[in-house]
Amino acid sequence: MPPAPSPYPTLALARHPLVHHKLTLLRDRHTSTKIFKELVDEIALLLAYEATGDLPLEPAPVETPLEPTVGYRVSGKKLTLVPILRAGLGMVDGVLRLVPGARVGHVGLYRDHDTLEPVDYYFRVPGDVAERDFFVLDPMLATGGSATSAVSSLKRAGARRIRLLCIVAAPAGVERLARAHPDVRVFAAALDRELNAQGYILPGLGDAGDRLFGTR
Ligand code: PRP
Ligand code: URA
């Protein structure tokens with residue numbers, strides 16, 4: 001039974017069976033920190049495969065051992081990955097295996113436990129911002145406050161082309177990000193049902209940062 005199609009124009013949901021198999025293991029409360037980390041890494045690679053599916057190509061002359069021919073190479077802008085600290089860090093290596101030439105910036109945000117609003121503590125990205133495509137990485141899109149703030153910071157720095165790769169999205173987060181930044185496409189493994197009173201995604205996978213780094 002394939003997952004339901006995305007009900008949002010800004011949200012693309014992964015369709016690959018391996019993503020959904022791995023996501024179920026990730027949700028499992030009994031999954032160890034070691035396996036959790038490996039699964040986040042593998043799902044990030046598969047999401048990056050989807051998010052890079054429309055990269056433009058240009059002809060590229062090449063000499064095989066037998067004769068010259070013309071192949072293709074990816075043209076267009078240079079890619080920068082921007083993990084939202086902490087949990088986004090778990091997605092960096094998976095995406096880099098697919099796009100090894102990408103640079104990595106960092107946005108530091110945490111969610112205030114009472115207000116659920118993001119608190120900004122770090123921002124550093126490569127200098128030639130206008131020349132770059134950005135993939136913001138964060139496993140969880142819950143209220144959408146963190147992703148919206150990260151995208152706003154990138155745009156203030158001059159970024160124009162930004163996508164978000166997340167593993168689990170909640171309707172509230174997709175809607176908030178789309179209201180603030182309708183140009184930002186979201187690539188997610190799953191769209192979950194709702195948020196609980198503490199702002200956790202249901203059914204979700206719990207606290208992604210704590211499960212990745214074993215800090216619970
Ligand atoms: C988590 C998660 C997102 C944010 C999502 O981070 O990694 O960044 O919450 O929630 P939102 O959509 O409601 O903003 P958290 O604030 O727990 O920080 P951490 O990664 O350092 O644990
Ligand atoms: N952050 C998480 O890590 N998990 C959630 O469910 C919501 C926000």
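Read the numbers this way: they start at 1 and go in the same order the structure lists the ligands and their atoms. The structure presented is a predicted model; accordingly, all values stated were derived computationally and were not measured. Heavy atoms only: backbone and side chains are in, while hydrogens, waters and symmetry mates are out.
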Any salt bridge between Asp41 and Lys37, counting N to O under 4.0 Å? no
Heavy-atom distance to atom 5 (C) of ligand 1: which of His113, Glu117, Met140, Arg86 wins? Met140
Between Arg176 and Glu117, does any NZ, NE, NH1 or NH2 come within less than 4.0 Å of an OD or OE carboxylate oxygen? yes
Of all protein heavy atoms, the one nearest atom 3 (O) of ligand 2 is Ala208 N, 2.8 Å
Can you list the atoms of ligand 2 that are under 4.0 Å from a heavy atom of Ala142? 7 (C), 8 (C)
How about atom 1 (C) of ligand 1: does it have a protein heavy atom within less than 4.0 Å? no
Are any of the N/O atoms in Thr143 less than 3.5 Å from those in ligand 1? yes
How far is atom 6 (O) of ligand 2 from its nearest protein heavy atom, and which residue and atom name does that atom have? Ile201 N, 2.8 Å
For a quick test of reading the model, state the closest non-hydrogen atom pair linking Val19 to Ala189 and the distance between them. CG1-CB, 3.5 Å
Sub-4.0 Å protein heavy atom next to atom 8 (O) of ligand 1: yes
Quick one: CD on Glu38 to OG1 on Thr31, what's the gap to the nearest 0.5 Å? 11.0 Å
For Arg111, atoms of ligand 2 separated by under 4.0 Å from a heavy atom: 7 (C), 8 (C)
Looking at CZ of Arg161 and NZ of Lys155, how far apart are the two atoms once the value is rounded to the nearest 0.5 Å? 12.0 Å
Residue, atom name and distance, where the atom is the protein heavy atom closest to atom 5 (C) of ligand 2: Tyr200 CD2, 3.4 Å
Min over Gly144, Ser146, Ala87 of heavy-atom distance to atom 14 (O) of ligand 1 lands on Ser146
What protein heavy atom lies closest to atom 15 (P) of ligand 1? Include the residue and the distance to one decimal. Arg111 N, 4.2 Å
One residue to check: Ala208. Relative to ligand 1, which of side chain, backbone, both or neither has a non-hydrogen atom less than 4.0 Å away? neither
Indicate the atoms forming the closest heavy-atom contact of Leu116 with Thr143, along with that distance. O-OG1, 4.0 Å
Tightest non-hydrogen contact, residues Ala169 and Ile201, listed as C-CD1, 4.4 Å
Tell me the closest heavy-atom pair linking Met91 and Leu47, and the distance in Å. CE-CD1, 4.2 Å
Shortest protein contact, atom 17 (O) of ligand 1 (heavy atom only): Asp207 OD2, 4.2 Å
Using a 4.0 Å cutoff against the non-hydrogen atoms of Gly199, which atoms of ligand 2 qualify? 7 (C)
From Gly204, Ala170, Gly206 - option closest to atom 4 (N) of ligand 2 by heavy atom: Gly206
Any salt bridge linking Asp128 with Lys77? Criterion: basic side-chain nitrogen under 4.0 Å from a carboxylate oxygen. no
Just go through Met140, Arg86, Gln198 and tell me whose heavy atom is the nearest to atom 1 (N) of ligand 2. Met140
Which of the numbered atoms in ligand 1 are under 4.0 angstrom from any heavy atom belonging to Tyr110? 16 (O)
At what distance is the nearest protein heavy atom to atom 3 (C) of ligand 1, and which residue and atom is it? Asp138 OD2, 3.0 Å
Below 4.0 angstrom, N of the basic side chain to O of the carboxylate: do Arg86 and Asp210 qualify? yes
Shortest non-hydrogen separation from Leu109 to Tyr121 and the atoms involved: N-CE2, 3.3 Å
